[in-house]
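Atoms considered below: every heavy atom in the structure, side chains included; atoms not considered: hydrogens, waters and symmetry mates. The chains referred to below are lettered A, B, ... by the order of the sequence lines, with proteins before strands, and numbering in each begins at 1.
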There are 2 protein chains.
Amino acid sequence: MPGTAASRQFPCQTCEVRDKVICAALDDEELRHLSAIATAVELKAEGVVFHEGDDSTYLFNVVTGSLRLSKLLPDGRRQITGFLFPGDFLGLSIADVYAYSAEAMTETSLCRFSRANLTKMLERFPKLEHRLLDLASNELAQAQDHLMILGRKTAIERLLTILLKLAERVGQRDSNGMTIELPMSRTDLADYLGLTTETVSRTITRLRNEGAVKTPNWRTICIPKGVELALRTGD
Amino acid sequence: MPGTAASRQFPCQTCEVRDKVICAALDDEELRHLSAIATAVELKAEGVVFHEGDDSTYLFNVVTGSLRLSKLLPDGRRQITGFLFPGDFLGLSIADVYAYSAEAMTETSLCRFSRANLTKMLERFPKLEHRLLDLASNELAQAQDHLMILGRKTAIERLLTILLKLAERVGQRDSNGMTIELPMSRTDLADYLGLTTETVSRTITRLRNEGAVKTPNWRTICIPKGVELALRTGD
DNA sequence: CTTAGTCATTGACATTAATCAATCCAGCAC
DNA sequence: GTGCTGGATTGATTAATGTCAATGACTAAG
């Protein structure tokens, strides 16, 4: 019965990522408490969430859009440690400063919690802490795959690996195969893959020439059906 | 009063890593319960704890010794994702199979828990889950540093980075500086650093010629006091 | 419509690290 | 001690990727 106190909707109930991130661990009643400490944050493309070394005051759910996480060496060399999409969690860290920077690649909306408030919620709802541990384990497994990419794969293998991964996260499947709208620049790809933009560009050209991908424009990459299958089963 | 039930010692109380790993989160009384589900495991050098892809039935504390964690590509290329030492935790994973192999580099003793039993303990002692989350966050931060090594550092920077890190974990400080007894082979170092054994060897030779390290024998590396300081402040 | 700016692509060349092939050396069996 | 064995080291060469420079393509402003 809409309008009664018991059934009144609160923002989280209708959130796109209600059943993802940390919210998935809670029922509607519990979520109401989480909702009370959450703040919506909107970012334009290239907007900064936080910088490496900032006090880690907040944690975030990614609701819409896309982010890149990166670390810098003193001389400016950059390593992107991850790309984030709706349903990802941002800010897991025991340290009191962020170990990396987080920037929006496209228009992005986040759900923000103060560390202090979230810590209280964790004490109240152990399920929430359990969920965070799951998320952390996942991130760890992803990081290990990323280590394999950077340490032991060739340029072409690196590209194919991330294309397949992006296909899973942001790919649109149709009868011809998979279409990926890249939210990131060639430089971002390069800094994720441990390559230069030139090598990324040349490698994409090579994949196109070999018929492994089509590139209607530079943000869009299509992987034909047959190719995708061949790649997933290991060439 | 030794001998009374209340004061009788149980193994964990006198454990070398009592105040590390997950045990640090518990008081003596709670630790007694954890003790009840723990099994000691001894491994010789090169002994296998588990293989990538095995059912992830157990989790471990490292009590003494040293381990390497590694992943393989189908063609045999190997990436070592981490080295473990006393006080480290092994097996964090949400998946039902291990994402990497774990092997002893030296004689090693572990403290083993079945996942099922440990899960029960987590429900009983939320502190324990909190501790696991801290450990996972730490691992994540380490993995991100490792990504920077592999993606953006030169061979010589990679070597120096890991030498300093090993110095922190297994280094002996004396008046001349830091001495590191390497538990791993050149091949292990190479597979951690994303290089070949030849490049590792040549790079160590180069460091020796430049006076940055001394190598009394191939397992031992000394970093003179002045050099260590210079390195930590960033060359 | 033109122009400026940004990013992607391509080309020529340099460099780093990998590969392939000998030694070298310490530890161990005999 | 002598010879064997398995890393480690060194050398010569190659291949992959980086660097530097030019060109091309799209977008947005005027």
Side-chain angles (χ1 to χ4, degrees), chain A residues 44-46 68 73 75-80 103 105-107 149-163 180-210 213-222, chain B residues 44-46 68 73 75-80 103 105-106 149-163 180-210 213-221:
Chain A
K44 297 221 170 73
E46 301 307 311
R68 63 169 168 256
L73 290 176
D75 65 2
R77 279 174 289 174
R78 185 178 72 152
Q79 179 63 47
I80 291 183
E103 295 146 338
M105 296 191 294
T106 57
E107 197 173 324
I149 291 179
L150 295 180
R152 287 294 178 232
K153 293 194 181 181
T154 64
I156 201 159
E157 290 170 325
R158 294 183 199 200
L159 234 321
L160 288 173
T161 307
I162 196 185
L163 286 180
I180 307 164
E181 284 293 316
L182 297 177
M184 72 286 286
S185 67
R186 294 293 187 262
T187 304
D188 288 340
L189 279 177
D191 286 347
Y192 180 89
L193 296 175
L195 301 169
T196 58
T197 58
E198 293 93 331
T199 300
V200 168
S201 190
R202 276 189 254 267
T203 305
I204 290 175
T205 301
R206 198 172 138 203
L207 287 173
R208 182 173 350 97
N209 292 341
E210 289 173 355
V213 302
K214 287 177 190 159
T215 54
N217 63 65
W218 69 265
R219 316 223 98 190
T220 312
I221 295 199
C222 306
Chain B
K44 297 223 170 72
E46 302 306 312
R68 64 171 169 257
L73 290 177
D75 65 2
R77 280 175 289 175
R78 186 178 72 153
Q79 178 63 46
I80 290 183
E103 294 147 337
M105 297 191 293
T106 57
I149 291 179
L150 295 180
R152 287 294 176 234
K153 293 194 179 179
T154 63
I156 201 160
E157 290 170 326
R158 294 182 200 199
L159 233 321
L160 287 173
T161 307
I162 196 185
L163 286 179
I180 307 165
E181 284 291 318
L182 296 178
M184 72 286 286
S185 67
R186 296 290 187 263
T187 303
D188 288 340
L189 280 177
D191 285 348
Y192 180 88
L193 297 174
L195 301 169
T196 58
T197 57
E198 292 94 329
T199 300
V200 168
S201 189
R202 276 188 253 269
T203 306
I204 290 175
T205 301
R206 196 171 140 203
L207 288 173
R208 180 172 354 94
N209 292 341
E210 289 170 356
V213 302
K214 287 176 191 159
T215 55
N217 63 65
W218 69 265
R219 315 223 100 194
T220 312
I221 296 199

Measure the spacing between OH of Y192(A) and CZ of R68(A) and express it to the nearest 0.5 Å. 14.5 Å

d(I180(A) CD1, T215(A) OG1) to nearest 0.5 Å is 12.0 Å

Given dT10(D), is OP1 or OP2 found less than 4.0 Å from the side-chain N or O atoms of T205(B)? yes

Distance check: side-chain N/O of T199(A) vs OP1/OP2 of dT17(D), anything under 4.0 Å? no

Distance, rounded to the nearest Å, where [X] contributes [atom1] and [N] contributes [atom2]:
X	N	atom1	atom2	value
N209(B)	dT9(D)	CG	C1'	12 Å
I204(A)	dA8(C)	CD1	P	9 Å
R158(B)	dA17(C)	CZ	P	7 Å
R206(B)	dG11(D)	CZ	P	15 Å
R202(A)	dC13(C)	CZ	P	13 Å
R186(A)	dT6(C)	CZ	P	18 Å
R219(B)	dG7(D)	CZ	C1'	10 Å
W218(A)	dA8(C)	CH2	P	5 Å

Of S201(B) and A155(A), whose nearest nucleotide on DNA chain D comes first from the 5' end? S201(B)

Pairwise 5' ranking along DNA chain D for K153(A) and S185(B), keeping only the more 5' one: S185(B)

Whichever of E198(A) and R152(A) has the more 5' nearest nucleotide on DNA chain C, that residue is E198(A)

Quick one, L73(A) and Q79(A) - any side-chain contact, counting heavy atoms below 4.5 Å? no

Can you find a pair of side-chain heavy atoms, one from R158(B) and one from T203(B), that are under 4.5 Å apart? no

Base, sugar-phosphate or nothing for L195(B)? Non-hydrogen atoms, less than 4.0 Å. sugar-phosphate

May I ask you to decide whether R202(A) forms a salt bridge with E198(A), counting only side-chain N to carboxylate O separations under 4.0 Å? no

